[in-house]
Amino acid sequence: MRRWLLPWFLLLLCCIALPGVAADAPHPRIGLVLSGGGARGAAHVGVLKVLEELRIPISAIAGTSMGALVGGVYAAGRSAAEMEWHLTRVDWDDLLLDDPPRQHWPIRRKQLDLQPSVDLSVGFHKGRIKLPGGALAGQKVENFFSALIAGTEAVPTFDDLPIPFRAVATDLEDGRMKVFDSGPLPEVMRASMSVPGVFAPVEIGERIYVDGGLVRNLPVDVARRMGVDLVIAVNLGGALLPRDRLQSVVGVMEQMLAILTEKNVQDSLAQLRPDQDILISPDLDSISSSDFKSAAEAIRRGEAAARAAAPALRRLSLSPAAYAAWRAARARPTADEAPIAAVEIAGLTQVNPALFAPLAAHQQGRPLDRERLESDIQTIYGLGDFKNINYDLNPLVDPTLSDDRNRLLVRAHEKPWGPGYLSFGLGLSTDFKSDDRYSLRATYRRSWLNPLGGEWLTSVQFGDLMGLHTEVYQPLAIDRRFFVAPSLSIGMAPVSVFEQGTRIARYDLIRDAIGLDLGSTLPGGNAELRIGAFLGSATPKRDTSFPSIPTIPEQSMNESGLRVAFRYDTLDSATLPRRGNRVVLDLRAPEPVMGADLDFQRVSGHWTAAYSSGAHTLVSRAEFGAGFGDPLPYYDQFALGGFQRLSGYAIDELRGDRMAFGSLTYYYHLTRLKLPLTRGVYVGGSLEVGTLEDTEPALTAPGTRFGSSLFLGVDTLIGPAYLGLGVSGDGEGTGYISIGWP
């Protein structure tokens, strides 16, 4: 019996004496839990950098909100260094604006952008006012996510990612937690971080989802259900606001969300096992949840917190060879080269699916061209009819196909608060010299009147400028290459009469016209040509004047005739552009054969070009105007005077039948204030020169004049705002205050 026990006794001694045998035990499965926290979530990248340095393999990731973004991208195969590069170099101000750059808008929308109104995206449908679900739809944000996880579009479930992944969101209809283990990854990540009131809720399937932080900001239990042995949890901490920031509705809402989030975080922290799990809590007190520009600092602090936890983390390290093998087995997938056999467009109710035909043609029969696809989506999104547009790539299951093929599904989410939109405008200005001007404007736009994209636009304006304008814009084909546009307008505008710099009279010019234009959107989408006819009249009525001075005859003039207009526009801003060009050419010709009382041709042109280098911008402007045939009525003469149109002179002080004007304006980009109220603050100045000929000599002496200005300008939500000082070539100076589009 003893001889039989001896070998087993020796074997037991060997196991005790040779601990290296235990090294062959399987490595524990590690679950990484990443909490939400908005911009503070960049700290997760710093933690991941240290985990990579320590060669710690991650078996599963569960994340909420910004934690879902970082976790999802890492699970898709991106390294911490790659994420750091993207998060610290992306233009967050641009990313958090849904619209594509203005230079990519269709010319029709650019024309509306030049009107004195601001689009607040307030809908009007079936007699009801409808509001958007959030300040941002997240279109650019989701495109950013799509680029980060490129190559994983066709994975069936999140378990098929290089690292299994779960994202947490809140079901807005019943308040329950939703754990996503499949679906379009960019859309799921955006749903997880859709903070109520900031980002619009996300529809996935038949449900609506918002930020997961409301129910599980630190999803420890979700990671445990993925079969891990221990958890590394990264808690970004609560972002409770101090008392001085609780004096507004926005501050109170932020605090309420923070309180709700902190409560469920404490519940999750109680689930951690101190003897096994590891908690990392970066110090982020000075970084707010909206301070995305501090991403580099947040990453640094996350890295510091992880290094402080290194003694506990090192026990989870692999050998260099084992870690290299683990990384190789979980490398980011290469781009799917299977051709696209089918392109499907989902979600359309008002918009004609034919609008997406060029997009489908660019992808059909070839591997996914992501750059071209996102460019096409940007062009369609720029029309202004969609809340957001995203896409998904899936294997096409078809037994008749002998090779692999994919299906591209484009989900187009139309604005639920459309297709009727209300916008409003405000304008105030003074030059402390002649007129103080103000205007209020309301515009209603009804899109997609029919399958060809017909649009009805009506605007009403009150103030110094009074008016009603309504137009039906009817394309003759879905590509808008040709269109017709019947219109009706009635308005009243002030006309001041100056005699050698002194205002001697003011008239109200009443104009009405009914017209029909035939037009074409030229190739490239940045230019439009219109040719039309109109029936109209103009009636000046005296408001104030010196009784003994005859100025403008108070009689109604029939001015029916023909008109031609050409517009080309690639400026990146209608107010304070930094790059691009705009060219405008107009011809108006009253025709006696159509009943006009006068026979003249009025031709005008305008060119603006903007050039930038860093924070410096130079804008050059040139204008010309000429009248042919009968002399132009005083109110139709070309006018100069006012801020940056011969600064130092009164608004429209100088008039003549022939005009030439040029200016150079320089401004420096000081800063960007908080979006979306402002997009930039600038300081600059201008040099201007203008020439007038064929003037009324008793009122305006012909010749060349000069002007200059210094100004502080802000590109705001309601238009440009200026505080300026102008000096004329004659030494006359005046100040300017302008807000919006007077």
Check against side chain to side chain contact (heavy atoms under 4.5 Å, CB included), V497 and Y507 = CA-CA 8 Å; V497 181; Y507 285 76; 4.2 Å; yes
Tell me, with the steps shown, if L355 and L383 meet side chain to side chain contact (heavy atoms under 4.5 Å, CB included).
-> CA-CA 11 Å; L355 185 68; L383 293 172; 3.6 Å; yes
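Judged as a side-chain contact (heavy atoms from CB on, under 4.5 Å), and not counting sequence neighbours, the contacts of S728 are Y649, D730, E732.
Ion pairing between a basic and an acidic side chain is recognised when a charged N comes within 4.0 Å of a carboxylate O; D572 and R579 show such pairing. In this structure, R445 pairs ionically with E455, as a charged nitrogen and a carboxylate oxygen lie closer than 4.0 Å. Electrostatic pairing of E559 and R588 counts as a salt bridge here, judged by a charged N lying under 4.0 Å from a carboxylate O. Using a cutoff of 4.0 Å between basic side-chain nitrogens and carboxylate oxygens, E623 and R621 are not scored as salt-bridged. For R567 and D586, the salt-bridge test passes: some basic side-chain N is under 4.0 Å from an acidic carboxylate O.
Counting only distance, with no hydrogens or angles, the side chain of T700 and the backbone of T695 share no donor-acceptor pair below 3.5 Å. E591 contributes no side-chain N or O that, together with a main-chain N or O of L562, makes up a donor-acceptor pair within less than 3.5 Å. In terms of modelled atom types and a separation under 3.5 Å, the side chain of Y736 and the main chain of G648 share a donor-acceptor contact. In this structure, D630 contributes its side chain and D599 its backbone to a donor-acceptor pair below 3.5 Å. Listed for the R503 side chain is no donor-acceptor partner under 3.5 Å among the backbone atoms of S496. Panel note: side chain S573, backbone L576; a donor-acceptor pair is recorded below 3.5 Å. One N or O on the side chain of R109 and one on the backbone of G382 form a donor-acceptor pair closer than 3.5 Å. Within the 3.5 Å criterion, the main-chain N or O of L571 finds a donor-acceptor partner in the side chain of R102. Using modelled atom types, one side-chain atom of Y381 and one backbone atom of K387 make a donor-acceptor pair closer than 3.5 Å. A donor-acceptor contact shorter than 3.5 Å links the side chain of R645 to the backbone of A639.
Partner D694 forms a side chain to side chain contact (heavy atoms under 4.5 Å, CB included) with one of R658, M659, R655 and no other, that one being R658.
For the pair R578 and Y667, the cation-pi test (distance below 6.0 Å, angle within 45°) is failed.
With values rounded to the nearest 0.5 angstrom, T470 atom OG1 is found 11.0 Å from Y444 atom OH. Annotation: the span from I737 atom CD1 to F711 atom CZ amounts to 15.5 Å, rounded to 0.5 Å.
Taking the six-membered ring for Trp and the full ring otherwise, Y722 and F643 have centroids separated by under 6.0 Å.
A donor-acceptor contact closer than 3.5 angstrom links the side chains of N450 and Q474. Side-chain polar atoms of S459 and T443 form no donor-acceptor pair below 3.5 angstrom. Between the side chains of S663 and Q644, no donor-acceptor pair of N or O atoms lies under 3.5 Å. A donor atom on one side chain and an acceptor atom on the other are not found under 3.5 Å apart for T665 and S686. Using modelled atom types and a 3.5 Å distance limit, the side chains of H606 and T608 yield a donor-acceptor pair. There is no side-chain donor-acceptor pair under 3.5 Å between T570 and N526. With no hydrogens or angles considered, no side-chain donor-acceptor pair links S439 and D464 at under 3.5 Å.
Closest heavy-atom contact between Y634 and L699: CE1-CD1, 3.7 Å. Annotation for S556 and D597: closest pair O-OD2, 4.1 Å, computed over non-hydrogen atoms.
More than 12 heavy atoms of other shown residues, nucleotides or ligands fall within 6.0 angstrom of atom CD in E554.
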